[in-house]
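Step one of this worksheet: look at the structure below.
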Amino acid sequence: MSVTDPQPPAPDAGADAAQEALRDRIAADSLTTRRDYLRIVATVSGGLAVGGVAVASGILHRHGDADGTPEVRKVADALLPGESLAFRYPGDEDRAIAVRMEDGTLAGYSAVCTHLACAVLWRKDRGSEGELYCPCHEGVFDARTGEVTAGPPPRGLPKVILVEQVDGSVWAIGTARSGESLQEGYCRQRGAGTPPCAALRAGPPAGRSGTERSERA
């Protein structure tokens, strides 16, 4: 009896056609997936670019841009040196932050980065006096002035005008735009003829302004 090598089965035309169709489908799906991915990347990149231009050019809402005189609002019962506090002012959509530096200086700012509107955080451990920091694109703002010290933000942070009363409570009484002094912002919103305008005093009576020290610094 002789032993011969087994012969492969005859090709099945139907199976070959099915495999070819499967390969074509996989290739088509891969191409579609790549196209979809590129489309998503292009859409997101374009959205970020448009958003950046809109924020930089002032098309989108900026902190404190609402018409009318902002209300006087209590921010905190007290704010100790080295502490910070997140709050909303002048509107519920306006994120803000109050900072008390170690020397007692009280300062308030918009907590929205002027680059692409990411959140701005207080970092006490950064630098000699701490700093205001945007983690999205490494934007850094001076804690005393709100001006840009590093990163891509095109302008400084808008300010929130804060006053401290004799009981230690902290009140927000107005806002100042980027590049605008506290006094200019206050007088623009409250009226140049307002008696307390020059001294930057408003809100509950018998108070002392923490922002006066911040403005002189």
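Predicted model, so just to flag it, every value in this text is computed and none were measured.
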Going by side-chain hydrogen bond (donor to acceptor under 3.5 Å, both in side chains), name the residues that satisfy it together with [X], two or more places apart in sequence or in a different chain.
| X | answer |
| --- | --- |
| Glu147 | none |
| Ser84 | none |
| Glu83 | none |

Can you check whether [X] reaches [Y] side chain to side chain, under 4.5 Å on heavy atoms?
| X | Y | answer |
| --- | --- | --- |
| Asp92 | Asp94 | no |
| Arg177 | Pro158 | no |
| Val170 | Val163 | no |
| Leu132 | Leu157 | yes |
| Leu80 | Arg100 | no |

Where [X] and [Y] come nearest, the two heavy atoms and their spacing:
| X | Y | answer |
| --- | --- | --- |
| Gly179 | Glu184 | O-OE1, 4.4 Å |
| Thr114 | Gly156 | CG2-O, 3.4 Å |
| Ala150 | Pro153 | O-CD, 3.9 Å |
| Ala143 | Tyr109 | O-OH, 2.8 Å |
| Gly185 | Ile161 | C-CD1, 4.3 Å |

- Query: Side chains of Thr149 and Glu131: donor-acceptor distance under 3.5 Å anywhere?
  - Reply: no
- Task: Classify the side-chain pair Thr105/Arg144 by whether it contains a donor and acceptor separated by less than 3.5 Å.
- Result: yes
- Using atom types as modelled and distance alone, determine if a side-chain donor or acceptor of Ser178 lies under 3.5 Å from a backbone N or O of Arg155. no
- Can Arg188 and Glu180 be counted as an ion pair, charged N to O under 4.0 angstrom? yes
To the nearest 0.5 Å, how far apart are [atom1] in [X] and [atom2] in [Y]?
| X | Y | atom1 | atom2 | value |
| --- | --- | --- | --- | --- |
| Leu162 | Arg73 | CG | CZ | 12.0 Å |
| Tyr89 | Thr175 | OH | OG1 | 7.0 Å |
| Thr145 | Lys159 | OG1 | NZ | 7.0 Å |
| Phe141 | Cys113 | CZ | SG | 4.0 Å |
| Arg95 | Ser110 | CZ | OG | 7.5 Å |
| Leu182 | Ile173 | CG | CD1 | 9.0 Å |

For residues 116-125, which side-chain N or O atoms pair as donor and acceptor with protein atoms under 3.5 Å away, sequence neighbours left out?
from: Arg123; atom 1: NE; to: Asp125; atom 2: OD1; distance (Å): 3.3
from: Arg123; atom 1: NH2; to: Asp125; atom 2: OD2; distance (Å): 3.4

- Message: Other members of the hydrophobic cluster containing Tyr133, with the 4.5 Å side-chain heavy-atom rule, please.
- Response: Val140
- Task: Please identify each residue that fulfils side-chain contact (heavy atoms from CB on, under 4.5 Å) with Asp77, with sequence neighbours left out.
- Result: Lys74
